[in-house]
Protein chains: 2
Amino acid sequence: MNILPTTLYAAIAHETRLRCLLLLLEYEELCVCELTHTIGAAQPTISRHLALLREAELVSDRREGLWIYYRVNPALPSWVTQVLRETARGVAGLAPFADDLIALQAMPNRPGAPRCA
Amino acid sequence: MNILPTTLYAAIAHETRLRCLLLLLEYEELCVCELTHTIGAAQPTISRHLALLREAELVSDRREGLWIYYRVNPALPSWVTQVLRETARGVAGLAPFADDLIALQAMPNRPGAPRCA
DNA sequence: TCCATATATATCGCATACAGTATATTCTGT
DNA sequence: ACAGAATATACTGTATGCGATATATATGGA
């Protein structure tokens, strides 16, 4: 597959979307309610941002009953994956990204938890 | 120094700015007229985009007579540099980025040329 | 001092991104 | 068939990014 750099960077230029992506990078697969809870934004907001990530082909989704699970698109070119990894390294310990990783684990009643890495 | 990921990605989400940065990554130091000629946009357009890159602290500038030379900020955190390198790898051979590298060398009367790497 | 060159900034008009709210869709259990 | 839960989409108002054009600033030379 093929991703334009401007598409990638426009997508992750928004903090909410970057937080989603970095969470997915760590946790493999998460449903919308987990992301919504962790990030603390309104559900339609998260859903819309996920839709943008989906349209940019940065994430893929799969339905399982009521829940829709998102994950980082496994077919991403390696340079994109590397960019995401370097970003994760760059924001390690930085708010709000660092807190997200912790906040998710503290969430009660996660659908299929723990899926943590 | 410290750079917010959203600042970085908003900056390079625009093709013109990314082209500037990748050219600077290859050529160490370039003046505005070289970037203007290579990218083929209006001078105020290039200047404004360079100003944005400067405000984001992604590039530094230095005046030498009439010319103002830009370079990638040497104080960038390593993860940012890595992101730029991976991007360069990702767009290798891709228009318009690949052509830029060639177009610059074909430019006549470059101020202090060649500064090529 | 006047002019030309290189670069920067200001202004305007348009398109697009975003949050918030309301509503629609899809599935599960009864 | 119905109700409720999880998620998606539609709509609206506001703000911001962008290109185009005009103008300002800085430097060097006659």
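Reminder, nothing fancy here: chain letters follow the sequence lines and each chain counts from 1.
Within the 3.5 Å criterion, the main-chain N or O of V32(B) finds a donor-acceptor partner in the side chain of T36(B). A donor-acceptor pair under 3.5 Å is absent between the side-chain atoms of N73(B) and the main chain of S60(B), judged by distance alone.
R48(B) places its CZ atom 10 Å from the C1' atom of dA20(D), with the value rounded to the nearest Å. Atom CG of L50(B) and atom P of dG17(D) are 17 Å apart (whole Å). Counting to the nearest Å, the C1' atom of dA26(D) and the CG atom of D61(B) are 13 Å from each other. In this structure, CG of L66(A) is placed 9 Å from P of dC27(C), rounded to the nearest angstrom. The distance between atom CG of L35(A) and atom P of dA8(D), rounded to the nearest whole Å, is 10 Å. L30(A) places its CG atom 15 Å from the C1' atom of dT7(D), with the value rounded to the nearest Å. Taking atom CG on L52(B) and atom P on dA10(C), their separation rounds to 13 Å, with Å as the unit. Going from atom NE2 of H37(B) over to atom P of dA6(C) covers 13 Å, rounded to whole Å.
For T45(B), counting side-chain heavy atoms from C-beta on, the closest listed nucleotide (dG19(D), dC27(C), dT9(C)) is dG19(D). The I68(A) side chain lies nearest to dT7(D) when the options are dA6(C), dT7(D), dA19(C).
Between the side chains of R89(B) and S78(A), at least one donor-acceptor pair of N or O atoms lies under 3.5 Å.
Distances shorter than 4.0 Å separate none of the side-chain N or O atoms of R63(B) from OP1 or OP2 on dA6(C). Contact between the side-chain N/O atoms of Y70(A) and the OP1/OP2 oxygens of dA6(D) is not found at any separation under 4.0 Å. When the side-chain nitrogen and oxygen atoms of R17(A) are compared with OP1 and OP2 of dA17(C), none of them lie within a distance under 4.0 Å. In this structure, H49(B) does not reach the dT9(C) phosphate: none of its side-chain N or O atoms is under 4.0 Å from OP1 or OP2.
Across the interface with DNA chain C, nearest-nucleotide mapping of P44(A) and T16(A) shows T16(A) to be the residue nearer the 5′ end. If H14(B) and I46(A) are placed on DNA chain D by their nearest nucleotide, the residue sitting closer to the 5' end is I46(A). A residue-by-residue look at A10(A) and G65(A) shows that A10(A) has its nearest nucleotide of DNA chain C further toward the 5' end. Checking A13(B) against S47(A), the closest nucleotide of DNA chain D that is more toward the 5' end is the one next to S47(A).
With salt bridges taken as basic N to acidic carboxylate O contacts below 4.0 Å, none links R17(B) and E15(B).
One cannot find a donor-acceptor pair under 3.5 Å joining the base of dA6(D) and the side-chain atoms of Q43(A).
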**Request:** Check step by step if side chain to side chain donor-acceptor pair (under 3.5 Å) holds for E34(B) and Y70(B).
**Result:** CA-CA 10 Å; E34(B) 288 173 313; Y70(B) 283 83; over 6 Å; no
